[in-house]
Amino acid sequence: MNKEFKVRFAPSPTGPFHIGGARSALFNWLVARHQNGKFLVRIEDTDLARSTRESEENIKKAMKWLGLYWDEGIDVGGENGPYRQTERLPLYNAAVQRLLEEGKAYYCYCSADELEESRKEQLKEGKTPIYNNHCSHLTEKQIEQYKSEGRKPAIRLRVPKDGVFAFDDMVRGHVEFQAAGVGDFIIVKSDGIPVYNFAVVIDDASMGITHVIRAEEHLSNTPRQIAIYQALGYEIPKFGHISLILGSDHKKMSKRHGATSVDEYRKMGYLPDAVVNYLALLGWSPKGEREIFSREELISEFSMKRVSANDAVFDIEKLNWINFQYMKKLSPDELFQVALPFLVEAGYVSLPLSLEKEQWLKDVVWFVRDHLYYGAQTPENVKIFFETHPKITDEEKISIMKQENSAVLIRQFADALDALDPFDEDSIKKCFSFLMKKTGIKGKAAFEPIRIALTGETHGPGLYAMIALFGKKKSVQLLKDSLQYC
Ligand code: GLU
């Protein structure tokens, strides 16, 4: 029987959930769903100094926000737990004991200074520094001596001295590393904590992982992991190393390039479906020119065969464009839900809202929808409805207000609006058309002063709908106030 297809995402909880981590999680999730296999999540927290529960929570929360639910692992459980590495130490110990008993691993008593010394010597001789095998065949007496000095040993794996570690990477094709460049490396540190390379192999093997898809930075760890698989006689999974994500200047993506954590995008009001769609395209090229994919379409079309080994460049403009495509599909209610937290944060409204106010707000947000690429852009786009526009100082605008007909038109429009009933987009439009006909003022000469009076700008969103949303009182007031410039 074929082994069940199983992939995993194994984050180290040492900081906020990075966009790169999210993409690794997504690729794993997509292949699992595509293959009807399983997606597992475990937490790699053996770096005790840097791992925090807070960061673990942040990662889990962001994964759920993206809709990347897992079938087995942390929180959801399964047959191969526990799923946090610090809770799996007995398992690692058992494997280490076996390797020690079989002579495939040994205690190393070298001090940090001695190792550094040897490293320097090798470098001086122009060699790539590897462990000098000092402790690989110690006598009982030497061991006793080191113990009596109070030295705490690490444990090293015996690695073949020649040959290659080779594998067919799902993204990079055939990859080979010379065994001679690996050397006997530490698998358990002197504090008794196994290193990442060791724990990851025990976990992947015991959890039945068939495909390891992870970031390129782990490529150089793979020969070491293969050495461990071989020493333990475990079946080696397939590996796929996905490329780095670079900023727009083709340097490794960092804070300088803008938001790097998933949570920041959530907070800016991006939509999870759009972020998933965008991340899928970071390195994966679908057939054809299409760029908008629902989750179901991604699941059915995604393939590691079309994942590029070239670095992916994070393009915020493209993310914004994709998010905009998803924003456009939202209903007025849904769009309002995206926008509301930003309106509250900007101090434009406070909760709870009356029904009437809620409806008005929905209309306002819907009115500016063509300008909203993501939620956080709401306040700047609706500010004309909440803030009084600053005094007009711009000479060009003042000269428009001083045109001979502006004052007459503004005054008459204010009066007509004051008397208008019902006060809606359609009746406002008719009212203004009638006024233009009556006064003979039309085109720019009519529209520009009215707009300046109402918004302080010569251009802006649909005039009549905007006046309707302002309401009678505010519109009339703004028009009358603007007469001071005429
Ligand atoms: N814990 C590792 C990391 O966060 C992942 C290791 C792996 O996927 O093998 O980079």
Side-chain angles (χ1 to χ4, degrees), residues 6-32 38-60 62-63 66 68 70 72-74 80 82-89 91-92 165 167 169-172 175 177 185 187 189 193-229 232 234-245 252-254 260-262 279 283 304 307:
K6 203 178 198 183
V7 291
R8 80 330 186 250
F9 177 58
S12 303
T14 53
F17 192 38
H18 191 271
I19 281 289
R23 188 193 46 164
S24 296
L26 173 64
F27 281 17
N28 277 287
W29 182 83
L30 285 172
V31 290
K38 266 197 176 162
F39 176 48
L40 178 150
V41 174
R42 72 162 179 265
I43 301 295
E44 302 204 325
D45 58 348
T46 50
D47 184 345
L48 302 180
R50 292 173 62 227
S51 298
T52 65
R53 279 298 168 99
E54 188 196 347
S55 149
E56 180 185 319
E57 289 310 316
N58 178 284
I59 293 169
K60 291 187 294 195
M63 285 184 70
L66 289 172
L68 306 181
W70 51 102
E72 182 183 336
I74 198 79
N80 307 292
Y83 294 96
R84 203 177 276 118
Q85 286 187 329
T86 47
E87 293 164 16
R88 297 174 61 79
L89 298 180
L91 278 154
Y92 309 137
F165 292 108
F167 56 99
D169 191 277
M170 284 179 270
V171 178
R172 274 144 227 284
V175 183
F177 288 88
F185 59 91
I187 52 178
K189 290 178 286 180
I193 303 290
V195 299
Y196 152 73
N197 276 322
F198 190 69
V200 81
V201 168
I202 307 306
D203 290 348
D204 284 339
S206 65
M207 292 175 186
I209 302 302
T210 57
H211 294 70
V212 170
I213 298 167
R214 62 184 170 198
E216 185 187 5
E217 61 193 349
H218 292 294
L219 188 66
S220 58
N221 286 320
T222 307
R224 287 182 178 76
Q225 293 176 18
I226 291 177
I228 299 168
Y229 279 102
L232 287 163
Y234 292 157
E235 193 179 330
I236 301 172
K238 268 203 127 341
F239 293 101
H241 290 91
I242 50 185
S243 57
L244 280 177
I245 300 181
K252 192 173 175 193
M253 193 174 162
S254 72
T260 53
S261 78
V262 174
L279 290 178
M304 288 300 289
V307 171

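Counting starts at 1 for both ligands and their atoms, following the listed order. Worth knowing before you read on, the calculation uses all heavy atoms, side chains too, and leaves out hydrogens, waters and symmetry mates.
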**Student:** Side-chain donor-acceptor pair under 3.5 Å between Gln85 and Asp45, yes or no?
**Tutor:**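 Their side chains do not contain a donor-acceptor pair, so the 3.5 Å distance test is not met.
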**Student:** Using heavy atoms and a 4.0 Å limit, tell me yes or no: is Phe9 in contact with ligand 1?
**Tutor:** no
**Student:** Less than 4.0 Å between a side-chain N and a carboxylate O, is that true for Glu57 and Arg53?
**Tutor:**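 Judged by the 4.0 Å cut-off on N to carboxylate O distance, Arg53 and Glu57 do not form a salt bridge.
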**Student:** Would you mind checking which non-hydrogen protein atom is closest to atom 8 (O) of ligand 1, with the distance to 0.1 Å?
**Tutor:** Arg8 NH1, 2.7 Å
**Student:** Is there a donor-acceptor pair under 3.5 Å between the side chain of Lys6 and the backbone N or O of Met207?
**Tutor:**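 Here the side-chain-to-backbone pair exists.
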**Student:** Are Arg224 and Phe177 side-chain neighbours, meaning at least one heavy-atom pair lies under 4.5 Å?
**Tutor:** no
**Student:** Show which atoms of ligand 1 fall inside a sub-4.0 Å distance from at least one heavy-atom site of Val200.
**Tutor:**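 Taking each heavy atom of Val200 in turn, ligand 1 has 9 (O) under 4.0 Å.
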**Student:** With atoms numbered from 1 as shown, which atoms in ligand 1 lie under 4.0 angstrom from a non-hydrogen atom of Tyr196?
**Tutor:**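 In order of number, 6 (C), 7 (C), 9 (O).
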**Student:** Within this structure, what is the CE-NE2 distance for the pair Met253 and His18, rounded to the nearest 0.5 Å?
**Tutor:**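 Met253 CE to His18 NE2: 5.5 Å, rounded to 0.5 Å.
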**Student:** Could you tell me the residue and atom name of the protein heavy atom closest to atom 10 (O) of ligand 1, and the distance to it rounded to 0.1 Å?
**Tutor:** His218 NE2, 2.8 Å
**Student:** Within the 3.5 Å criterion, strictly below it, is a donor on Tyr92 or Asp203 matched to an acceptor on the partner's side chain?
**Tutor:**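 There is such a pair between these side chains.
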**Student:** Within the 4.0 Å heavy-atom shell around Glu44, which atoms of ligand 1 are there?
**Tutor:**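 Those of ligand 1 that fall under 4.0 Å from Glu44 are 1 (N), 2 (C), 5 (C), 6 (C).
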**Student:** Does ligand 1 come near enough to Ala10 that some N or O of the ligand is less than 3.5 Å from an N or O of the residue?
**Tutor:** yes
